[in-house]
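A short worksheet on the structure shown next.
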Amino acid sequence: MSDNFDTEVLVVGGGPAGYVTAIRAAQYDLDVTLVEMDALGGTCLNRGCIPSKALISAANVVHEARNGSAMGITAEIDVDFQQMVEWKDDVVRNMNRSVEKLCKANRVSFVEGRVTFADEHTVHIEQSDGGSDRLTFEHAVLATGSRPIELPGFEFDNSGVLDAKGALELDELPESLVVVGAGYIGMELSMLFAKLGVDITVLEALDTMMPAFSSDLVAPVSSAASELGIETNYGELASECRSTDQGVVVCTESVDGDARHEYEAEAVLVAVGRNPVTDTMDLDQIGLDPDEDGFIQTDKYGRTDVDHVFAVGDVAGEPMLAHAGSTEGEIAAAEIAGRNPVSKDRATPAVAFTSPEIATVGMTEAEAEQTGHTVSVGEFPMRASGRALTTGHAEGFVRLVSGDDGVVLGGQVVGPEASELIAEITLAVEEGLTTSEFAEVVHSHPTLSEATYEAAANERGLAIHTLNR
Ligand code: NAI
């Protein structure tokens with residue numbers, strides 16, 4: 001390291017993009033300082049992926065127990081929500097401590113505080129106890145993440161108007177909840193709370209839920225939502241929110257006209273997307289100008305227009321997913337260390353932890369056609385999977401999309417454990433495996449992964465447990 005700087009690599013933000021960058025850079029023997037103003041682990045660990053998945057698991061236990069009559073199980077279920085919340089908080093606290101220990105063990109220096117840039121190689125760090133510090137750095141990696149979009153008139157107050165964080169930090173279950181936005185967060189949390197007995201009404205501007213996924217992937221989730229008693233209203237824009245003695249009234253305008261509706265509930269959860277946090281660091285001091293949506297443009301190694309400054313995770317644009325941020329962090333760290341990184345153009349899966357789960361990677365059939373491939377598709381329905389039937393969850397399918405040479409270009413899964421099944425398809429897409437190579441791999445029986453194997457065989461007209469097309 002040049003003696004001119006306090007640290008070789010300054011990482012701003014300790015979420016899954018930032019702490020992974022810091023640890024990887026330290027593994028490459030760089031001197032690293034990680035600055036975070038809140039808990040290590042960022043939104044994902046503290047206010048997003050981890051607490052939501054903990055509560056989703058708990059709600060699934062409740063739901064399974066209440067719906068076991070076909071298996072001969074009937075039970076009176078008593079939900080102690082405070083205990084459930086304590087358990088979820090314990091999971092988060094344990095993981096916080098693990099991240100802290102990992103940073104320490106890898107010799108990453110941790111500084112608590114809020115960073116603003118003073119000049120191209122200097123930051124100010126404002127600590128929560130009122131103290132402040134100044135640090136010079138050779139390279140900086142920006143990993144400050146994103147915040148929920150606040151609709152005008154729906155200011156988050158942690159009681160009547162909730163963002164995902166507020167919803168995941170409730171210590172009492174509301175009787176009813178209006179959910180604005182039927183995307184990832186809206187549907188994951190709607191299904192979770194519906195399983196715990198909350199009366200859910202979803203308001204969505206578009207004419208479908210989960211617009212990021214194709215309609216055949218969404219259909220099983222939409223039916224499951226109806227079965228849970230979730231009322232979904234499409235084509236309605238939430239435009240106004242009033243608080244009342246009982247909670248809130250949400251007013252909507254229909255997208256195609258001036259019809260207005262009103263929905264009452266104890267609280268409203270607003271999940272209409274997230275914006276990058278790039279407006280609080282005085283980036284102009286280093287000559288960085290985010291685009292009109294607030295994202296920082298980078299090259300395939302995460303390098304910004306300012307040569308010694310990198311950006312990873314949500315601030316660097318779509319996909320705004322934790323694992324994408326971590327991968328970008330590993331690549332940026334390797335680039336800074338001069339370790340010939342592979343570029344960030346990698347097969348990146350996306351998963352919605354709804355019921356059933358949806359998971360995708362690479363191209364859909366339509367995308368492959370649009371890019372000039374002669375497309376071939378292999379599919380396998382979960383109802384033909386012995387393992388799926390033995391779990392009582394046999395809805396959904398696995399689909400593999402391949403080009404004329406049989407190379408797997410993408411895959412879509414909806415059904416039990418889709419979040420896990422997508423890993424094998426991601427491997428195939430990343431490594432350019434063909435469906436025949438896929439179908440040569442022996443899969444254990446009885447497992448859900450046989451569905452992927454059979455989808456590969458089906459593409460070649462050789463599936464055993466379903467009719468070939
Ligand atoms: P989203 O973009 O997934 O969905 C927002 C929805 O709100 C859209 O369907 C949109 O049409 C609708 N909408 C917007 N304004 C509206 C209005 N005024 N009235 C009614 N509907 C309106 O955004 P979400 O769910 O907030 O998630 C944000 C991001 O967080 C996702 O894009 C994803 O990157 C990340 N995330 C990922 C998860 C995962 O990987 N499992 C889970 C949760 C979040």
Side-chain angles (χ1 to χ4, degrees), residues 15-17 42-57 145-154 156 161-168 178-192 201-213 215 217-218 221-222 225 232-241 250-256 260-263 268-277 293 295 313-327 348-361 413-414 418-420 422:
T43 298
C44 169
L45 201 166
N46 298 289
R47 304 176 287 278
C49 320
I50 297 298
S52 66
K53 266 79 256 181
L55 288 180
I56 287 171
S57 299
S146 60
R147 60 168 84 90
I149 293 173
E150 205 168 53
L151 286 178
F154 290 75
F156 299 127
V161 185
L162 307 170
D163 60 358
K165 170 179 182 284
L168 293 169
V178 164
V179 176
V180 179
Y184 275 83
I185 296 178
M187 289 320 296
E188 285 185 12
L189 297 192
S190 288
M191 295 184 109
L192 144 64
T201 306
V202 179
L203 309 175
E204 167 58 51
L206 302 176
D207 58 3
T208 173
M209 62 172 67
M210 319 280 297
F213 301 106
S215 57
L217 289 170
V218 172
V221 177
S222 175
T232 314
N233 299 285
Y234 295 110
E236 293 203 39
L237 270 173
S239 54
E240 200 187 318
C241 180
V250 176
C251 307
T252 64
E253 283 164 26
S254 70
V255 173
D256 52 6
R260 270 174 78 83
H261 294 105
E262 292 195 347
Y263 300 91
V268 54
L269 160 65
V270 181
V272 295
R274 298 180 64 88
N275 277 333
V277 178
D293 297 319
F295 292 112
D314 288 1
V315 292
E318 296 289 347
M320 291 166 83
L321 300 169
H323 49 279
S326 300
T327 306
T348 304
V351 176
F353 291 83
T354 43
S355 293
E357 294 176 350
I358 301 178
T360 63
V361 67
V413 185
V414 56
S419 55
E420 301 292 339
I422 203 67

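Just so you know, ligand 1 is whichever comes first in the structure, and atom 1 is the first atom listed for that ligand. What you see is a predicted model, and the numbers here were worked out from it, not measured in a lab. Keep in mind that the numbers below use all heavy atoms, side chains included, and drop hydrogens, waters and symmetry copies.
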Please tell me if the side chains of [X] and [Y] come closer than 4.5 Å, counting only heavy atoms from C-beta onward.
X: Thr252; Y: Asn233; value: no
X: Val270; Y: Asp163; value: no
X: Val221; Y: Met209; value: yes

Please determine if Arg260 and Glu236 form a salt bridge, counting it only when a charged side-chain N lies under 4.0 Å from a carboxylate O. no

Main chain of Ser146, side chain of Arg274: is a donor-acceptor contact present, judged purely on distance under 3.5 Å? yes

Check whether any side-chain N or O of Glu188 sits under 3.5 Å from a backbone N or O of Phe353 as a donor-acceptor pair, and report yes or no.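 Flag set: sc Glu188 to bb Phe353 pair under 3.5 Å.
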
For ligand 1, what are the residues with a heavy-atom contact below 4.0 Å?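 Ligand 1 pocket, heavy atoms under 4.0 Å: Leu151, Val180, Gly181, Gly183, Tyr184, Ile185, Gly186, Glu188, Leu203, Glu204, Ala205, Leu206, Pro211, Glu236, Leu237, Ala238, Ala271, Val272, Gly273, Arg274, Met320, Leu321, Val351, Phe353.
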
